[in-house]
Amino acid sequence: MSRLQAEEETQKAFGWAARDSSGILSPFHFTRRVNGDNDITIKVLYCGICHSDLHITRNDFGISLYPVVPGHEIVGVVTQVGEKVDRFKVGDKAGVGCLIGSCGKCENCQDDIESYCSKSVYTYTIFDDGGAKNYGGFSDLYVVNEHFAIRIPDNLSLGGGAPLLCAGITVFSPMKYFGLDKAGMHLGVVGLGGLGHLAVKFAKAFGMKVTVISTSPSKQHEAIEQLKADSFIVSHDMKQMEAATGTMNGVIDTVAAVHPLKPLLDLLKTNGKLILVGLQSLEKPLEVPAMPLYGRKLVSGSTAGGIKETQEMIDFAAEHNIEANVEVIPMDYVNEAMDRLAKGAVRYRFVIDVANTI
C-alpha cells in the first residue's frame, strides 16, 4: 500500500494522551480509520473517567503500551454512517463502552457476552496484543462498528449517562445474571464510589433493600439521604457487622484494594452470593476462606456485560431516571482529575466535557 493510499484510508483526530508512566496527559494528534460500510462515526461530546484509565495511563499493571489515549465511557452524536448500517442515522445519540470488537463466532459471542470472548477488542489499546492500536474517547471523534455502539435514549443525560457504559453495566450485569434483581431481596454494596453508587441506584430501582458497607463513616449521610440506601454499616465496626450476619441475599463488592472476604461472606444468607467487580491487583490476590462457603455460599467475579445487555441497562436507566452523580470538567483539568481520582476525592465520577473544551 502506498503512503497516499494509507492516508486516504485514515482521518485526522485529536485527543489527549499519556506518553509514559507519569500518566500525564497532553494534546496529541493521531489518525483513525475512515468510516467503513458497517461503521458509524461519533462526534464525542462527553467521556467519563474510569479508575482503569488511571491504572493504564500510569502503567500500574506493567503492561501499558504508550502513547495511551484513554476513555471508554463515550457518548456523542452520530456524524456519519456506513452503507450497511441500519441501527443508526446521522444525528442520533450514541455511546461506546469498554468493547469495540470480538471474534463474533465463539460461544460467548453467540450468547451475547462479547466481553468474555478471548479475542475481544478494547476501546483503547491496553497492551501489545499484536493487533492495530486503538485510541480512546479522550478525543474529538470515534469510529466504531455499529454492533458495538449503544443507542442513547433522548431522555438520558449525556454527561450523567456516560459512566453507565462502564460503571453501570459492570454492576448491572452480575445483578441480573446472579438473580440479584428481585423486589424484596436484600443486597449489600461494598464501597461507595463510581461503581458502588450506581449499584445502589439500580438495586433501589429493582425494589431491593440495600445496605451500603464502607470503611468511611462520613459516607453514611450521602448513602442514606442522597442515594436512598436503607442502611449503612461501617465495615470495621464488628458490632454492626455481627448484627447483619446472615441477612443478605447477595453482596456486590466494588473495592479494588486487598481486603478480607470472610466478614462479607458472613453477611450472606444460605445460598447467598458474593460478587467481586473491583479491578484487583495481579500481585496481591485476595484470599477466599473455605469454611464459610459450606453454607452454600458462592464467590464469583464479573466484568462488564455484552452489547445486548448494555443496551438493556441503558434503556432501564433511562426508564427509571438513573444516571451517575458526576463532576463535569474541562479537558485541560484532566491531570488534576486523575490525581484526585487516585485519592478518591470525587463524588462519584469525573466526566470530561469533550466537545466544548478539547
Decide side chain to side chain contact (heavy atoms under 4.5 Å, CB included) for Ile275 and Val277; before the verdict, give the C-alpha distance in whole Å, the side-chain angles of both, and the deciding distance to 0.1 Å. CA-CA 6 Å; Ile275 313 301; Val277 296; 4.3 Å; yes
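- At a threshold of 4.0 Å, the pair Asp339-Arg58 counts as salt-bridged, since one of the basic side-chain nitrogens sits closer than that to a carboxylate oxygen.
- No donor-acceptor pair closer than 3.5 Å links the side chain of Thr79 to the backbone N or O of Ile42.
- Ring to ring, Phe28 and Phe30 are close: their centroids are under 6.0 angstrom apart.
- Put simply, Leu187 and Ile224 are part of the same group of oily side chains (I, L, V, M, F, W, Y) that touch within less than 4.5 Å, one to the next.
- Linking Ile, Leu, Val, Met, Phe, Trp and Tyr whenever their side-chain heavy atoms come within less than 4.5 Å puts Val171 and Ile307 in one cluster.
- Of the possible donor and acceptor atoms, one in the side chain of Ser157 sits under 3.5 Å from a partner among the backbone N and O of Gly160.
- Taking 4.5 Å as the limit, some side-chain heavy atom of Phe232 sits within range of a side-chain heavy atom of Ser214.
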From CA spacing to verdict: side chain to side chain contact (heavy atoms under 4.5 Å, CB included), Leu274, Leu268: CA-CA 8 Å; Leu274 170 60; Leu268 296 174; 4.1 Å; yes
For side chain to side chain contact (heavy atoms under 4.5 Å, CB included), just list the numbers for Ser302 and Tyr116, CA-CA rounded to whole Å, side-chain angles, deciding distance to a tenth of an Å, and then say yes or no. CA-CA 10 Å; Ser302 181; Tyr116 296 96; 3.5 Å; yes
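- Residue pairs meeting the side-chain hydrogen bond (donor to acceptor under 3.5 Å, both in side chains) criterion with at least one partner in residues 102-112, sequence neighbours excluded, do not occur; the list is empty.
- In this structure, Lys93 and Val75 have side chains that are not in contact, with every pair of non-hydrogen atoms separated by 4.5 Å or more.
- Val77 and Val90 fall into different hydrophobic clusters, where Ile, Leu, Val, Met, Phe, Trp and Tyr residues are linked whenever their side-chain heavy atoms come under 4.5 Å apart, directly or through other members.
- Listed for the Asn356 side chain is no donor-acceptor partner under 3.5 Å among the backbone atoms of Asp353.
- Listed by first and then second residue, the salt bridge (Lys or Arg N to Asp or Glu O under 4.0 Å) pairs involving residues 258-271 are Lys262-Asp266 (not counting sequence neighbours).
- Between the side chains of His259 and Asp253, at least one donor N or O lies within less than 3.5 Å of an accepting N or O.
- Looking at every heavy atom in both residues, Ile358 comes nearest to Gly15 through CD1-CA, 4.0 Å.
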Test side chain to side chain contact (heavy atoms under 4.5 Å, CB included) applied to Val68 and Tyr135, step by step: CA-CA 7 Å; Val68 174; Tyr135 297 105; over 6 Å; no
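- Judged purely by atom type and a 3.5 angstrom limit, Arg19 uses its side chain to pair as donor or acceptor with the backbone of Ser26.
- Contact detail for Asn38 and Val85: the closest heavy-atom pair is C-CG2, 3.6 Å.
- Note that CD of Gln311 and CG of Leu165 are 9.5 Å apart. Values are rounded to the nearest 0.5 Å.
- Ile74 is listed as a side-chain neighbour of Thr123, based on a closest heavy-atom distance under 4.5 Å.
- Of the inter-residue distances, the one linking Leu195 atom CG with Cys166 atom SG reads 6.5 Å to the nearest 0.5 angstrom.
- The environment of Lys12 atom NZ is sparse: at most 12 non-hydrogen atoms of other residues, nucleotides or ligands sit within 6.0 angstrom.
- Residues Pro163 and Val351 have side chains in contact (heavy-atom distance under 4.5 Å, counting atoms from C-beta outward).
- Between the side chain of Asp237 and the backbone N or O of Val234 there is no donor-acceptor pair closer than 3.5 Å.
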Just distance, no hydrogens or angles: give the donor-acceptor pairs under 3.5 Å from side chains in residues 197-212, sequence neighbours left out.
{"unit_1": "His197", "atom_1": "ND1", "unit_2": "Gly193", "atom_2": "O", "d": "3.0"}
{"unit_1": "His197", "atom_1": "ND1", "unit_2": "Gly194", "atom_2": "O", "d": "3.0"}
{"unit_1": "His197", "atom_1": "NE2", "unit_2": "Asn325", "atom_2": "N", "d": "3.0"}
{"unit_1": "Lys201", "atom_1": "NZ", "unit_2": "Glu323", "atom_2": "O", "d": "2.7"}
{"unit_1": "Lys201", "atom_1": "NZ", "unit_2": "Asn325", "atom_2": "OD1", "d": "2.6"}
{"unit_1": "Lys204", "atom_1": "NZ", "unit_2": "Met208", "atom_2": "O", "d": "3.4"}
{"unit_1": "Lys204", "atom_1": "NZ", "unit_2": "Asp230", "atom_2": "OD1", "d": "3.3"}
{"unit_1": "Lys204", "atom_1": "NZ", "unit_2": "Asp230", "atom_2": "OD2", "d": "2.9"}
{"unit_1": "Thr211", "atom_1": "OG1", "unit_2": "His186", "atom_2": "NE2", "d": "2.7"}
{"unit_1": "Thr211", "atom_1": "OG1", "unit_2": "Ser231", "atom_2": "OG", "d": "2.5"}

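- Other residues, nucleotides and ligands place more than 12 heavy atoms under 6.0 Å from the CZ atom of Phe178.
- Shown here is Met238, whose CE atom has more than 12 heavy atoms of other residues, nucleotides or ligands within 6.0 Å.
- Between Ser173 and Glu309, the side chains place a donor N or O and an acceptor N or O closer than 3.5 Å (distance only, hydrogens not considered).
- Taking the side chain as every heavy atom from C-beta outward, Val143 and Val34 never approach each other to under 4.5 Å.
- Tyr348 and Val189 end up in the same hydrophobic cluster when Ile, Leu, Val, Met, Phe, Trp and Tyr side chains are linked at under 4.5 Å.
- Side chain of Tyr66 to backbone of Thr57: a donor-acceptor contact under 3.5 angstrom is found.
- Looking at heavy atoms from C-beta onward, Ile56 lies out of side-chain contact with Asn59 at the 4.5 angstrom threshold.
- Between Val354 and Met331 there is a side-chain heavy-atom pair separated by less than 4.5 Å.
- Put simply, Leu65 and Val69 are part of two different groups of oily side chains (I, L, V, M, F, W, Y) that touch within less than 4.5 Å, one to the next.
- A donor-acceptor contact shorter than 3.5 Å links the side chain of Arg340 to the backbone of Ala345.
- Among Glu327, Gln226, Glu222, the one residue that satisfies the side chain to side chain donor-acceptor pair (under 3.5 Å) test with Arg347 is Glu222.
- When all heavy atoms of Gly250 and Leu180 are compared, the pair lying nearest together is CA-CD2, 3.9 Å.
- By the 4.5 Å heavy-atom criterion applied to side chains, Ile63 and Ile126 are counted as neighbours.
- Side-chain contact, Thr10 with Arg32: no donor N or O sits under 3.5 Å from an acceptor N or O.
- Taken from CZ in Phe14 to CG in Asp140, the straight-line distance is 8.0 Å, to the nearest 0.5 Å.
- Using a 4.0 Å cut-off between charged side-chain N and carboxylate O, Lys308 and Glu114 make no salt bridge.
- Counting non-hydrogen atoms of neighbouring residues, nucleotides and ligands closer than 6.0 angstrom, the CD1 atom of Ile24 reaches no more than 12 such neighbours.
- Proximity of a side-chain donor or acceptor of Ser139 to a complementary backbone N or O of Gly136 within less than 3.5 Å is detected.
- Under the 3.5 Å distance criterion, the side-chain polar atoms of Lys228 are matched with a main-chain donor or acceptor of Glu225.
- Checked against Asp39 for a side chain to side chain contact (heavy atoms under 4.5 Å, CB included), the options Lys84, Gln80, Arg33 give a single hit: Arg33.
- The shortest heavy-atom contact between Leu265 and Pro289 is CD1-CG, 4.0 Å.
- In terms of heavy atoms, Val96 sits closest to Leu99 at CG1-O, 4.3 Å.
- Counting all heavy atoms, side chain and backbone alike, Ser115 lies closest to Ser120 at O-OG, 4.3 Å.
- Distance check: Ser22 OG to Asn335 CG gives 8.0 Å after rounding to the nearest 0.5 Å.
- In this structure, the side chain of Glu146 engages the main chain of Arg87 through a donor-acceptor pair within 3.5 Å.
- Ring pair His51/His55 is tilted by interplanar angle, where 30° to 60° counts as tilted.
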